Amino acid sequence: MKDMFFRCIEWLVNVLGRMGVPESHRTLTATVVLWSAVALVVILSFMLVRRLRRPASREITDKTEPVVEEPVVEEPVVEEPVVEEPVVEEPVVEEPVVEEPVVEEPVVEEPVVEEPVVEEPVVEEPVVEEPVVEEPVVEEPVVEEPVVEEPVVEEPVVEEPVVEEPVSLFQRMRTGLAKTQASLVGRIDALLRGCQGVDEELLEELEEILITADLGMKTTQQLIQSLEMRLDKGQLNDPDVLREALKGEIRDRLMQESAPLDPQRATPFVIMVVGVNGVGKTTTIGKLAHQYVQQGKKVLVGAGDTFRAAAAEQLEVWGQRAGVEVIRQAAGSDPAAVAFDAIKAAQARKADVLLLDTAGRLHTKVNLMEELKKIRRVLDREMPGAPHETLLVVDATTGQNALVQARLFQEAVSVSGLALTKLDGTARGGMLVAIGGELGLPIHYVGIGEGIEDLRPFDPDLFVEALFRQDG
Ligand SMILES: Nc1nc2c(ncn2[C@@H]2O[C@H](COP(=O)(O)OP(=O)(O)OP(=O)(O)O)[C@@H](O)[C@H]2O)c(=O)[nH]1
């Protein structure tokens, strides 16, 4: 065996020599080749043996009959005693290994030629994004069912005619005259209540009540004299008759003097408005302007109160409310000059009515009265007969002082009529009768509030009824 091995080596060395392998490498190469061949033979043999053995085993497997699993009858397991046989260990005869001398030949390392790695370019296929085809959302139309509103059958509101006048005016008068009613009529009723008849003594007590209720001395005496005459004639035998007679006398006094303003008398119809500070002149002019505009008249307003700075502005406000033009000059200018401008403008613009405001500073009454006289002269010069009305505005809550004021203005500018303001307040109705009785002046208007509509023609009947009302 050994010889055969060395002979093979020799043979291989020769073959390698013929192949041109250098001598120094031949033996080693031959040894390696031979051992490799031996190893290859051994491996092939082993594989051949395994291949030959496999079919037999497969056949056995194929021929295996199906296992019929019989019911397992579990018999009692009789455990037999395990007789452990003694293991006879055979002596291992180790053959002596003959180590052959290893001839180490220098290893010639062949240069490793590394082949260049050719990296194939990665061709990135373009990602073709398929377009997302969004299916259109077909919104189904919301079919709103029509709300069938049942027709609201509004029953016709049958507005009953509200008879505002004279009811509301009467109510306001009643409220405004409550104080007078208590101090005058209330006391008269208390006096007459227990009386069986009417005599001089009763009339004297009545006289006292009238004087203290703002009717003034002169008016009171006139009234008592008239009642005494009736008593003498035997017409006053009952307290109720006396009450009705007094009521009639007061109404007559108010009625006698009352006369409506008549703007038809002249064009322009000039109304000069006078009165002391704060009685309601400007407000009354605004309300009057509104009334005339409502009647379809062309109205102009002259701001003759140049003394109080804010007076003209206040009048402008009322002018705007009523929709009329206001003729004015700077504060402090001559009121007569304003009167001149105003009447000229009224004539030029063919106004139907000219309302002229004036100052009301009573503390400089001499100057005031002179000023008012001058205004009158200017107006009369520009339009003979003007002013056609000189309206004295009196605050109904003033009492006896109103009578004093009225006398003053009457003397200076010959007042032709009255406008009684604030009758919706705590008016002193007795004073009204006094002014009418003593000065013989008609009461044209009453103011029953601060609104533009709150000016009413004076109605003596209504006034007396409100004053002499009996509660309950
Ligand atoms: N309750 C009530 N108030 C009134 C009435 N008339 C006027 N007034 C108020 O009285 C106040 C004075 O009114 P004005 O019109 O400014 O008085 P005036 O006389 O012009 O005053 P001067 O410009 O200072 O001279 C205001 O507050 C008005 O609103 C009325 O009839 N009833």
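Predicted model only: the values in this text are computed from it and were never measured. Read the numbers this way: they start at 1 and go in the same order the structure lists the ligands and their atoms.
For residues 282-295, the set of pairs meeting the salt bridge (charged side-chain N to carboxylate O under 4.0 Å, His left out) definition, not counting sequence neighbours, is empty. Sorted by first and then second residue, the salt bridge (charged side-chain N to carboxylate O under 4.0 Å, His left out) pairs involving residues 192-212 (not counting sequence neighbours) form an empty list. Applying the ring pair (Phe, Tyr, Trp, His ring centres under 6.0 Å) test to pairs two or more places apart or on separate chains, those with a residue in residues 262-287 are Phe269-His388.
Of the N and O atoms on the side chains of Thr306 and Arg328, not one donor lies less than 3.5 Å from an acceptor on the other residue.
Within 4.0 Å of ligand 1, the residues that place a heavy atom are Val276, Asn277, Gly278, Val279, Gly280, Lys281, Thr282, Thr283, Lys287, Arg308, Gln314, Thr421, Lys422, Asp424, Gly447, Ile448, Gly449, Glu450, listed by chain and number.
With Arg243 contributing its side chain and Phe468 its backbone, the two residues share a donor-acceptor pair below 3.5 Å.
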Inset, instruction - Tell me, with the steps shown, if Tyr445 and Phe458 meet ring-ring contact (aromatic ring centres under 6.0 Å, His included). - result: CA-CA 5 Å; Tyr445 295 103; Phe458 179 63; over 10 Å; no
